[in-house]
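Let me begin by presenting the structure, written as structure tokens, before commenting on it.
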Amino acid sequence: MSAVETFAAEAHGINKRFGPIEVLHDVGISIPVGDARALVGRNGAGKSTLVGLLTGLYGANAGEIRLGGRPAPSLGDRQGWRERVACVYQRWMVIPHLTVAENLFLNNQPRNGLGLVDSRRLREESIAVLDDWGLDVAPDLDAWRLTVEQRQIVEIARALLQGSRFIILDEPTAELERREVNRLFERIRGLQEQGVTFLYISHHLEEIYEICRTVTVMRDGRVVADARLDDLPKDRLVAAMVGDFAASGAGRKSGDSASKAQMAPGLDIGGLTLKDSLEDINLSVHCGECVGLAGLAGSGKDKIAEAVAGLLAPDAGTIAIHGTKTPLGDVGAMRAAGVGYVARDRHVSGLFPLMSIGDNLTTTVLPKLGPFGFVSTGRQSDMVDRQIAELGIVATSGSQPIGELSGGNQQKAMVGRALASDPKVLVLAAPTQGVDIASKDALYRIINAARDRGMAVLVVSDDLDELAICDRVEVIFRGRLTRSFARGWNDQDVVAAIEGLY
Amino acid sequence: AMLMPANAESIKLGYSAPFLTDPFQAIMANQTLKAVKDAGMEAMPATNANGDAGKQATDIRNLISAGAKVLIVNPTDSQAIVPVLEFAASKNVPTVLIDIAPAKGKSAMIVRADNKGIGGKACEALGAAIGGKGKVLSLMGDQATTNGRDRTTGFNECMKAKYPDVTIIEQPTYWKTDKATSAAQTVVTTTPDLTAIYMQSDSVMLAGVLNVLKSAGKLTKVGEPNHIFLATVDGTPYALEKIREDLLDVAVAQPLDLYAKFGAFYAKAAAEGKTFTAGPTDHNSEIVPVGDNLMDYLPATVVTKANASDPSLWGNQTEK
Amino acid sequence: MTNISLEKAAIARPGQSLFARFRLRELVLIPVIAVVIVIGSFVSSSFLMPENLLNILQQSSELSILVIAQSLILICGKFDLSLESTVGIAPMFAAWLMISDVSIGGSGIGISGYAGIAVVLATGLLIGLINGLLVVKLRLNAFITTLAMLILLRGITLGITNGQTLFDLPEEFLYLGNAKWLGIPASIWIAGLLFLFFGLMMRYHRIGRAIYAIGGNPEAARVAGIPVERITLGVFIMGSLLASLAGLLLTGRIASVVSSQGQNMIFYVFAASVIGGISLNGGQGRIIGALTGVLLLGLLQNVLTLSQVAAFWIDACYGAIILLALIITRLSGETPRA
Amino acid sequence: MTNISLEKAAIARPGQSLFARFRLRELVLIPVIAVVIVIGSFVSSSFLMPENLLNILQQSSELSILVIAQSLILICGKFDLSLESTVGIAPMFAAWLMISDVSIGGSGIGISGYAGIAVVLATGLLIGLINGLLVVKLRLNAFITTLAMLILLRGITLGITNGQTLFDLPEEFLYLGNAKWLGIPASIWIAGLLFLFFGLMMRYHRIGRAIYAIGGNPEAARVAGIPVERITLGVFIMGSLLASLAGLLLTGRIASVVSSQGQNMIFYVFAASVIGGISLNGGQGRIIGALTGVLLLGLLQNVLTLSQVAAFWIDACYGAIILLALIITRLSGETPRA
Ligand SMILES: Nc1ncnc2c1ncn2[C@@H]1O[C@H](COP(=O)(O)OP(=O)(O)OP(=O)(O)O)[C@@H](O)[C@H]1O
Ligand SMILES: Nc1ncnc2c1ncn2[C@@H]1O[C@H](COP(=O)(O)OP(=O)(O)OP(=O)(O)O)[C@@H](O)[C@H]1O
Ligand SMILES: [Mg+2]
Ligand SMILES: [Mg+2]
């Protein structure tokens, strides 16, 4: 070890503004070569912004960034950045209409003697990579056809392929299955042994203890702690993240009040069948009950949610709300019947990124906000202010475009929209994805409160934390409901059932 | 030289129009094709170049490859037509040009009225009526077209020479009714001492201009005090009617009927291999040599109330 | 969740400043407009005469109705290029039906002026319906579909009348484009009321908000229960209906229907909408902004007409100033709208 | 990785089927083109004559060069409406410099024909550079920027020459638009070679792939180390350069430069590109597809001229068939390209 420690990345005195809003205040971070650094903080703390600065996505308003001991390249020198840092961003960075193979080797294609892209080698090398990651897709499939999980793996694989000695991962596991997470971790460990430096962001703190050595904690755009993880037990880490706010139960938080299921029918799904996806699904959720629906990607769990939301018309079956059958495949009718829905993919199916937070929160309740379809701005902003406070959305005001919020805060707004119409049935697909540990708690509390008011809640997820608030968990495997677990299950059994191992 | 009368099989004639959205062009296309049929030739459907010289070259090549034995062409542009004429000549297809003379190139006959002369005639009628002074609004056609340019040049040169005290307010209108109307409205309402308006096409501009004058309270009958003198080019039925109603002072009528009639006549003759010589014609015009070509220089008639009902004006012939 | 941390968060963040509120995208053109007015008053003493100002408004009225139409469609995330040909074909078809004299290009049917107005609007409605169905049901790209429609409708307009101009239309038919109400041309009143109506609707009515949502993210709108297809179809129909109304007003003003009516107008419709802040990507912009765009173009046109700029250079000036306005609005601190 | 598993993977992988491969977007127009050819040969016996077929190709050559230009720009996720005015202004400016006779609209300078060609291309390059800088550096919206540019350039073209047509141009200047090589017009060779070159480049060269990546997701492309700004600028320049070349060929064909040169061409450029499968959203489509689009329009134009359709209805037929082609390509199982 030389006397002067070399750093894979350093940032000193960084200030970053978006328009008039300063989101990073005098941030400094130094990551020595070979370190595995975790970056944690609540939603909107500024983690992704810092990542953007460390990878040259945008420039800082003040401060210095150094990579590998040298000053960072100019913003225009994309190749320069690429040589020194690889990154999996929180936002998707795939090119939808290029093939999987081209996405894997974007701007890095194997070339033949003429300097042209060698499509045969491109295909072969891609197949090798895909097999390596256990991804069963054709290399010439257009990337937009990939599922969320597959897309995420392609991005991770691409970043690791780049051969960079410094790799940043911004919530890479938010969309992944356990099996894939394990595969990723194996790979990260392998690279760590070769001396590759990592900066790792996640809201799953157990992951951080699993693969990171040190941690930097951010709060409200400032670095509040730098420590070795060995010295920082989980409760203190959480305390550092949330500041003076005392986290009650760090993440895993079951419903505090025992279920008061009223046995009145809330949501009744009978004989739901969809070609190649669902077979005779019967599921009911009582008023005041919260049921979890767990399954792998492609198991059909999201299809059930979409059917209840009216987004797809099943081939057979019935859906009843409070005992009344509803027309299938009609979103408007489902809303009218009292279904509130949070879609799995908020970017595609949830957000109106350019519209204000207020407009996003009140999309489904505008008719209630004034006569003849006119919206009373006063009533709208009252409602919005109340919701922002209840949900703990971090924003400058209700009129800020929601696209400017951090991922977790956007997700809170999605839950807020579903609740705004005071529905009878609440269907939530992965409702707390990307939400920080303390905000998760708040969301669980809100969901529990809704349930206690008599709402029937269906949580569609394979996240054990999310399932933990449920009174009952139904497991779906390959389009069929296979097991049901009452409160008090143990995690291993549920996981085994999800994976199809009885 | 008429050993082989071409009527063994009827002569196929192609007509290439520069554009058809102008009523003058539309009527000319219809009348010419009618005259062609009357002359016993087989008329192929007219082509429409939509104002595009390149498209017209394409059209003419297409007509020739579709078997046209003779062409009547109303060029979009006097220069851009030159290589097309050369091409037609190389294929031994004679061409008769109407309305616009080519800058160069071989054609059997050019049938046209002098558009500079038309501008000049409008200027003379107008200049005399306003006593050689005042402000004249000149509503120009599309200056990217030969006729538009010639009508501007003829008018302006005459004004400069004969009525130098007249102020000309030029407004481009691109042969567009709404542009002409808006420009007229702006100028009429902001120029209290406007004395006259020169319109380069009554088929496009007259209705709108009359409407502008009416809403500005400045529409008076010919001869009334403060009357704004109106002169137009074309001589459409509508314009003649307005002259008869004492709302329009002068229209310089193009000999559209003669374009059609003699276009067809010369085309047939050319297809039959006849040639022509310079000199006076039987229809009150003169064939004059221009470059290598001959041009039947048809007279443009200045129409006033005195002759507005003359049945020989084309504007009085379309109704049946 | 305790309120403590929330309040802290709320306080820590600088709110939208008064400054930011004043830099509303909709006000960006105001200084540019002011400059044009000042220049205009130097260029010609008659520029500021009330009569001339009314001219500007009247001459802009048809364009502005088209701009409202295009703005609705753009905000909804679509395009309609065929609006310009609707301006021509709707009154042309009605005029053809109204004129009983076959020799001057009529159909010989001779319907009344009132029936003619109904035909204009019905034609607009039908065109909007066809465009809408092609885009919504067949999911064709709106830009290219309406481009094909533009070529088709232009062609039909030419075909109906063989290129002739139709004159001598009934008084009732020309009324709206000519009449004055309280000394101000009816078309100004109509355009003004439409701006007011659609401005309020887009801002305060839930259908307006739904149109923004559809333009911003159609899939999310669908999931949120907004009847995306129905509203998009409605927007197309409303757009064409407005275009046919613009055609009716234009016909009244020029007292005739020409077969090239409306041609090239779409360029100026886009120019006005976009410099007025309507985004081509959907979901952004305000009707009031579009109004400033129309006013700027109308003023420019008028100033250039009154100025001593040589006729041949007027177009170049016009283009240069539009480009300049774009650059100014961009540099005035607007976030770019890709 | 062993070869064994590769083979296995190739077999087992549920990729795009052979069937899907055959339904390539690029081949969708082939049946439509075939139908038009069959109809053409019925309509006129001269349709299939080699001379007529060469006519079609020559007449399409300028349009097709513009279509290549627009396709590059569209695939890169941008727009360039000003291409049509570049077709006019680039040769106009050169002609103005070449003509020494001031009385016929020249500048009096009288540069040579070869210098003239250089001026044409330099003008194209400059326009592309300006467009590119406005879009890339100022981040103005490409559609509206190039629309303003279109109006401006058209205006300048008119202004330079007061609307006159410029003629009596040097032989060398007209050569490319006139010459025949091996009995086939040079412009066909040029267009053909350009299709080949850009077709291969877009498919197999990494710059081509980079353009697709930029059009598909510019941010992702940037992150992957692609110099997005530089390439986008390059694409704008290349587009304008090609447009100026098209203008040179057109000028050679009509032996003069008219001030309306190129006008309205952009509509057909878009129509050809899009029915040929180039997406207006960027990142999709192939140069070969664009070629089929151009061919379809060229054939149609020719067949309509040869047919007995009345001139007044030709435009309507044209529009109707474009619309039909759009619907057919859509219904032929393509995923909609929004
Ligand atoms: N483009 C932008 N414009 C304005 N504000 C922005 C923009 N991008 C981010 N912000 C703001 O910057 C702050 C930090 O956001 P950032 O995405 O860095 O948070 P994060 O720590 O990554 O949160 P999460 O855990 O939810 O991903 C947030 O308050 C967000 O609203
Ligand atoms: N539009 C599409 N085109 C082609 N294949 C698709 C398409 N949509 C989904 N698939 C494929 O269908 C399979 C099932 O995906 P689907 O989205 O239906 O799963 P799911 O039941 O919703 O599961 P999850 O829990 O992951 O959301 C996946 O392998 C996916 O790649
Ligand atoms: Mg983040
Ligand atoms: Mg799914």
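Each chain gets a letter, A, B and so on, in the order the sequences are listed, and its residues count up from 1. The analysis underlying the following values was restricted to heavy atoms, covering all of them including side chains, and did not include hydrogens, waters or symmetry mates.
To the nearest 0.5 angstrom, C/I226 atom CD1 is 5.0 Å from A/F352 atom CZ. Taking CE of C/M201 as the reference point, atom CZ of A/F374 lies at 8.5 Å (rounded to 0.5 Å). Rounding to the nearest 0.5 angstrom, the gap separating the CG atom in A/L369 from the CZ atom in C/R209 is 11.5 Å. Atom CG in A/D359 sits 10.0 Å away from atom OH in C/Y212 (nearest 0.5 Å). Here the straight-line distance linking atom CD of C/Q284 with atom CE of A/M355 works out to 10.5 Å at 0.5 Å rounding.
For the pair A/R335 (side chain) and C/V223 (backbone), a donor-acceptor distance under 3.5 Å is present. Using a distance-only test at 3.5 Å, with no hydrogens or angles considered, no donor-acceptor pair links the side chain of C/N217 to the main chain of A/P353.
Put simply, of A/L354, A/T363, A/D330, the one with the most heavy-atom pairs under 4.5 Å next to chain C is A/L354. Among C/G208, C/G283, C/A213, the residue with the largest count of heavy-atom pairs under 4.5 Å with chain A is C/A213.
Counting heavy-atom neighbours within 6.0 Å of C/M238 CE, excluding the residue itself, gives a total of 12 or less.
Both the backbone and the side chain of A/L311 have a heavy atom closer than 4.5 Å to some heavy atom of chain C. Heavy-atom distances place both the backbone and the side chain of C/R222 under 4.5 Å from chain A. At a 4.5 Å heavy-atom cutoff, A/S421 makes no contact with chain C through either its backbone or its side chain. Of the atoms belonging to C/A221, heavy atoms from both backbone and side chain fall under 4.5 Å from chain A.
With sequence neighbours excluded, the residues satisfying side-chain contact (heavy atoms from CB on, under 4.5 Å) with C/F143 are C/F79, C/L81, C/N141, D/F79, D/F143, D/F270, D/L280.
Nearest heavy atoms, C/A224 versus A/T364: O-CG2, 3.4 Å. Nearest heavy-atom pair, C/R206 versus A/L366, reported as atom, atom and distance to 0.1 Å: CB-CB, 3.8 Å.
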